[in-house]
Structures are given as structure tokens and as C-alpha cells.
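Inspection log for the structure reproduced underneath, given as C-alpha cells.
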Amino acid sequence: MLIDANQAVLVIVDLQGRLMPAIHDAGLVLAQNLRLARIARLLGVPVLGTEQNRQGLGPNVDEIAALCERTLHKTHFGACADGLQAILPPGRKQIVVTGCEAHVCMLQTAVGLLELGYEVIIAIDAVGSRQAASRDAALARLGKLGAQLVTVEMLAFEWLRDCKHPRFREILSLIK
């Protein structure tokens, strides 16, 4: 089943300024999230963010915050417990989840969405944890629970579908 830009929402979990320095390969995780959010916006895919315990971890990185249409402030590790589903655009059933920490907030958010019946897609090159082993364990678990595991580039081309898409060149420049 291909992922459809008209059915998708991108949820970027907790790319917060005070957390990112502790994340393994933080620069790559941030770069991939920025790339994916820009692609999503070009294709009309809504981009939402979450922030965990903003008082303790601060806001999302400025570049991410600027790309999010809405940001959910939460205290639960899983964003659904704090009402994520209430800010998801109606009629969209494919939720792309990225962010940090893969084995805590990102995982619990994705599991919550699966439990609510959404099709969950994880952009594996746009998630991170303090330790690579924790990220890898989260991805393995999510795959077994039924989430689709993809890369940012896979997602971009599935959303485009055709090299004749009017945004193809713009998006290709973001991928390269």
C-alpha cells in the first residue's frame, strides 16, 4: 500500500533544543526532519509538532517550530494521551511519525495512533535516541506492531508518484 500525500499528516515528536544535544546523530536527525517537513509542506501534507515537558526541555528547535502548523504541549510520553488525535486534520488516516526519543515519546505516540486505528508510518532516518540501540529497538518493535518503516526519500517519492508532478523538481532539490 503506497502512502498518499492527500491522506497523510506528519507528526514531528519532541525535537526540543535542550534534548537534541544528547541525541545520537542529532544533526542527521534534525536535517532529515527539516527535509521531510519542507517536502510535506510543498505537497500540502499538514505538519504538526509535539513538545514534551516544555518547561524542562524547552521548545522545539526554531527551524522545526517554524514548519509546524500546530504544536501540542504534552506531559505524557505518548501524545495521544494529551489529545493529539483532536488536532489531526479530519479524514487523514496515514500518520507519519518522526522525532525523539525513538524508544520513549516517538514510540508511545506511534503505538497510541496504531491503537486508535491510524495507519502509522515511521521515517526511520528521521528518528533518534540518546543511544543507537534504543532507536533500533524501538523501530524493530514498531515494525512488529504494524507500523510501516520507510525512509524520507521513499516517502517523498511515494507522495510525488510521478516525475511529472508540478513540485517534482523542487522536491528533488531537497532530496539531493
Are I64 and V45 linked, directly or through intermediate hydrophobic residues, by side-chain heavy-atom contacts shorter than 4.5 Å (ILVMFWY only)? yes
Can you tell me how far apart CD (E153) and NZ (K176) are? Round to the nearest 0.5 Å. 10.0 Å
Test applied, side chain to side chain donor-acceptor pair (under 3.5 Å); reference residue, Q52; option that passes from K74, H73, Q16: K74
Heavy-atom closest pair, residues H76 and A81: CG-CB, 3.4 Å
Which heavy atom of A102 sits nearest a heavy atom of S129, and at what distance? N-OG, 3.1 Å
Looking at D162, I want to see if its CG is surrounded by more than 12 non-hydrogen atoms of other residues, nucleotides or ligands under 6.0 Å. yes
Between D125 and T151, does the side-chain hydrogen bond (donor to acceptor under 3.5 Å, both in side chains) criterion hold? Intermediate values first, please. CA-CA 6 Å; D125 50 347; T151 66; 4.7 Å; no
What distance separates I12 CD1 from T50 OG1, expressed to the nearest 0.5 Å? 9.5 Å
Give, for atom CD1 of I124 and atom CG of L155, the distance between the pair rounded to the nearest 0.5 Å. 11.5 Å
Kindly work out whether a path of hydrophobic side-chain contacts (I/L/V/M/F/W/Y, heavy atoms less than 4.5 Å apart) joins V9 to V150. no
Between T109 (side chain) and M106 (backbone), is there a donor-acceptor pair under 3.5 Å? no
Take atom CZ of F77 as the centre, draw a 6.0 Å sphere, and report whether it contains more than 12 heavy atoms from other residues, nucleotides or ligands. no
Side chain to side chain contact (heavy atoms under 4.5 Å, CB included) assessment of L2 paired with R161: CA-CA 9 Å; L2 292 176; R161 292 280 205 274; 3.6 Å; yes
Please indicate whether Q131 has more than 12 foreign heavy atoms, meaning atoms of other residues, nucleotides or ligands, lying under 6.0 Å from its CD. no
Is V96 linked to V127 within one hydrophobic cluster, defined over Ile, Leu, Val, Met, Phe, Trp and Tyr using a side-chain heavy-atom separation of less than 4.5 Å? no
Hey, does L48 have a side-chain heavy atom less than 4.5 Å from the side chain of L72? no
Do L84 and L113 have side-chain heavy atoms sitting under 4.5 Å apart? yes
Out of curiosity, E119 CD to D4 CG, how far, rounded to the nearest 0.5 Å? 10.0 Å
Without swapping roles, check the side chain of N60 against the backbone of A65 for a donor-acceptor pair under 3.5 Å. no
For residues V11 and V13, determine if any side-chain heavy atom of one lies less than 4.5 Å from a side-chain heavy atom of the other. yes
So do I23 and L15 actually touch side chain to side chain, heavy atoms under 4.5 Å? no
Exam field: side chain R41 to backbone L67, donor-acceptor pair closer than 3.5 Å: yes
Gap between atom CD of E170 and atom CZ of R38 - 0.5 Å precision: 13.0 Å
Do side-chain atoms of R92 reach the backbone of A8 as a donor and acceptor pair under 3.5 angstrom? yes
So which heavy atom on A123 is nearest to which on L36, and how close? CB-CD2, 4.0 Å
Can you tell me how far apart CG (L142) and CD1 (I121) are? Round to the nearest 0.5 Å. 12.0 Å
Could you give me the CA-CA distance, side-chain angles and deciding distance for H165 and W159, then say whether side chain to side chain contact (heavy atoms under 4.5 Å, CB included) is met? CA-CA 10 Å; H165 190 288; W159 281 346; over 6 Å; no
Search all heavy atoms of C105 against all heavy atoms of C100 and return the closest pair with its distance. CB-O, 3.8 Å
If we ignore hydrogens and angles and just use 3.5 Å, is the side chain of R167 paired with the main-chain N or O of L160 as donor and acceptor? no
When every non-hydrogen atom of G58 is compared with those of R18, the smallest separation belongs to N-NH1, 3.7 Å
Count the heavy atoms of every other residue, nucleotide or ligand shown that sit under 6.0 Å from CZ of R141, and state whether that count exceeds 12. no
Got a donor-acceptor contact below 3.5 angstrom from the E51 side chain to the P59 backbone? no
Other residues, nucleotides, ligands: >12 heavy atoms within 6.0 Å of R130 CZ: no
ILVMFWY network linking L174 to M154, side-chain heavy atoms under 4.5 angstrom: yes
If hydrophobic clusters are built by linking Ile, Leu, Val, Met, Phe, Trp and Tyr wherever their side-chain heavy atoms come under 4.5 Å apart, do Y118 and I122 end up in the same one? yes
Give the intermediate values and the outcome of side chain to side chain contact (heavy atoms under 4.5 Å, CB included) for residues I175 and I39. CA-CA 9 Å; I175 293 170; I39 291 167; 4.1 Å; yes
For L34 and V61, run side chain to side chain contact (heavy atoms under 4.5 Å, CB included): C-alpha distance rounded to whole Å, both residues' side-chain angles, the deciding distance at 0.1 Å, then the answer. CA-CA 10 Å; L34 289 169; V61 174; over 6 Å; no
Exam field: side chain Q94 to backbone I3, donor-acceptor pair closer than 3.5 Å: no
Considering all heavy atoms, the nearest H103-A138 contact: CA-CB, 3.6 Å
